[in-house]
Amino acid sequence: MLLSIAWKNVWRNKLRSLIVILSISLGLLGGLFYLAFANGMVQHQIDATIKTQISNIQLHNPKYRLNNEVKYTIDSPDSIIKKIEEINGVRAATSRIKSTAMVSSAITGAGITINGINPVKEKNVTTLYKKIVYGTYLIPGKKYQIFIGQKLADKLNVKVKSKIVIAALDMSGNITYGAFKIVGIFKTESTNFDLSNVFVLKNDLRKLIGFPSEQTTEIAVLLNNNDQTDLIANKIKKIFNRAISEKKLDVETWVEIQPALKLINEMFIEYSMIFLIIILVALSFGIVNTMLMVIMERVRELGMLMAIGMSKLKIFLMIMLETIFLSITGGAAGLFLSWVAITVTHKTGIDLSAVSEGLNALGYSSFVHPMLGFTYYILIGSLVIVTAIMASILPARKALKLNPAEAVRQNV
Amino acid sequence: MSIITTNNLHKIYDETIVPVYAVNGISLEFDKGEFTAIIGPSGCGKTTLLNLIGGLDQPTKGEVIIDGTNITQLKQTEIIDFRLKNIGFVFQAYNLIPVLTAKENIEFIMQLQGIPKKDRDKRVIDLLEAVGLKDRMNNRPSELSGGQQQRVAVARALASKPKFVLADEPTANLDSKSTNNLLDIMLKLNEVEGTTFIFSTHDSRVMQRAHRLISLEDGKVQQDQKIK
Ligand SMILES: Nc1ncnc2c1ncn2[C@@H]1O[C@H](COP(=O)(O)OP(=O)(O)OP(=O)(O)O)[C@@H](O)[C@H]1O
Ligand SMILES: [Mg+2]
């Protein structure tokens, strides 16, 4: 009975209720879209970083990660890779030799990380070969090629076919030099990565610094699904638990390798949630205001209801239900609108190339595909319900304070 | 046997600069089956008296006893429940819930009382017949004339089977035809079912049909006469 009266009361003043519903739904649309936008941006960043740079899981000598010294190596990488690739959910794995080095052109020099890779296997793990702007990827068998980022090329003022000199420490700690010819220039979404990473063939680097065969610096593992990262990392740890306990091997996920990535992303989501909560609080003021107005207009009717014996609890509930219905209708409309907007823009993507220079420096893509998990809709739906209940208390209490004798007198 | 007794009833509004003695020592008895009009000039205290009898307002002094219950001593929640079970109300206006139909408005009070659906249905139809509005039962108040709305209000007041009905100027907003019609219905209910009506009015044609006339002045009973 109360439910039906409350619902009918919502539609007594259609225009006013529609305005409230519209404001709630637009507020939610704004908040949710912003959330989806931020989420799309960060998810893309995670995705891109995993795909072009770090992969889902990496293995190192535990000491290597302390200060990246080339002498800390992993033994028999090929057998490790073989075992890892047998795990269900692993797409591919590859090994890299890494060393810190100086690169210099005729103009200037820069500190970088030099990556010795096997281009054939690397293609299965990272998509850097898709990010070429000039030239080609490393060609197997051709000696002393180097593949560098555009930002670094600009800094060194070099082009494809230019020669650059690498100075690195060899295994015994002496400086050694090598000349490399640029075969290709890449550009990822992260300026920082482009500036500080160069790629050469594994054998060339091995020769340059005297790196032992049957050893490597890093093994990178790409999974089919990022959600399985922890699960598979644990499986790998189990398989190699002896080497791990002997401190010869360390298994880390991308979160452990780049904690900032995850942190920034969580922060982004948190900020968006705060933004959304502010919107909800603002909306709740609007709802409270409207409902107080409704009560002022209905003083005589409420007085009459009290007079004929409607209990205070029932009046309280009736007003509360009215407020909640009003808010939840707006909330449902808002969630639906947001879902439509997010689904559509997720498909089409939003082009931010006008401001992309700054975004790339932060490691973000200039093309954003807003997206939002189903759980967010449920979470925000619940937040709307909580807001509605909170917003309903004040008007409902106000209704209780009416004195029936005075309320019915107002009919003069 | 008296159903309502007021003992030395006072209502003084003293938040005003000069205190207003709206009801100033009224002792009255009302019997079952009365059809009583409370009359007097504007501001004489009619509404205040009816509100005190109906338990909508607390007296400053004195007491109201309904069928042996001293309602001035009831707690807030008890008095609401007491009104629901014992007193029918008809006001000058805003009697009905606008979003409900005539039938639903009458049913509403029985729902508050927790009467089962099938008993409600029968009584609603009976009452609508008694006030001559069976054919309009699915109309909302806004689709009814003022007189029809008041008739629904009377039916609603009776739906809870109260001990008596209080009506504060029930005809004030009605034309003379609707006024007569409403009074006909009230009188018929009074005669046939023995319903007790106590109502206030300004209208001399309404007074003429009352069985007892109580005239007030300055919060005091000036005259109390039985006509029939
Ligand atoms: N809340 C209040 N505060 C102060 N004075 C009040 C209040 N309510 C009523 N009064 C005064 O009490 C007196 C009696 O009022 P009441 O409404 O009972 O008169 P009434 O006989 O019903 O008048 P009317 O015929 O105009 O309806 C009036 O003088 C009125 O101004
Ligand atoms: Mg009055």
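These numbers were taken from a predicted model, which means no experiment stands behind them. Per chain, numbering begins at 1; letters A, B, ... match sequence-line order.
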**Message:** Less than 4.5 Å to any heavy atom of chain A: does that hold for the side chain of B:Leu112, its backbone, both, or neither?
**Reply:** both
**Item:** chain A contacts, top residue of B:Lys85, B:Arg156, B:Glu107, B:Arg83 (heavy-atom pairs, under 4.5 Å)
**Value:** B:Arg83
**Asked** What part of B:Asp81 lies closer than 4.5 angstrom to a heavy atom of chain A: side chain, backbone, both or neither?
**Response** neither
**Request:** Measure distances from B:Ile97 to the heavy atoms of chain A and classify the residue's part below 4.5 Å as side chain, backbone, both or neither.
**Result:** both
**Item:** B:Ser160, part contacting chain A, at a heavy-atom distance under 4.5 Å
**Value:** neither
**Asked** Considering all heavy atoms of both residues, which atom of B:Pro41 and which atom of B:Lys46 are nearest to each other, and what is their separation?
**Response** O-NZ, 3.3 Å
**Asked** In terms of heavy-atom proximity below 4.5 Å to chain A, should B:Glu104 be classed as side chain, backbone, both, or neither?
**Response** side chain
**Fill in**
Bottom line for A:Leu2: the part with an atom under 4.5 Å from chain B's heavy atoms is neither
**Asked** Counting N and O atoms only, with roles assigned by atom type, does the side chain of B:Asn70 sit under 3.5 Å from a partner on the main chain of B:Ile65, one being a donor and the other an acceptor?
**Response** no
**Asked** So which of B:Thr77, B:Leu52, B:Asn173, B:Thr48 has the largest heavy-atom pair count under 4.5 angstrom toward chain A?
**Response** B:Thr48
**Request:** Answer with yes or no after comparing the ring centroid distance for B:Phe91 and B:Phe89 against a 6.0 Å cut-off, counting only values under it.
**Result:** yes
**Prompt:** Would you call A:Val368 and A:His44 a side-chain contact if the rule is heavy atoms closer than 4.5 Å?
**Reply:** no
**Request:** Heavy-atom distances under 4.5 Å only: say whether B:Gln113 touches chain A with side chain, backbone, both or neither.
**Result:** neither
**Item:** Ring centre gap for B:Phe35 and B:Phe199 strictly below 6.0 Å
**Value:** yes
**Message:** Check this for me: does any side-chain nitrogen of one of B:Lys161 and B:Glu193 sit under 4.0 Å from a carboxylate oxygen of the other?
**Reply:** no
**Message:** Is the distance from the ring center of B:Phe30 to that of B:Phe164 below 6.0 Å?
**Reply:** no
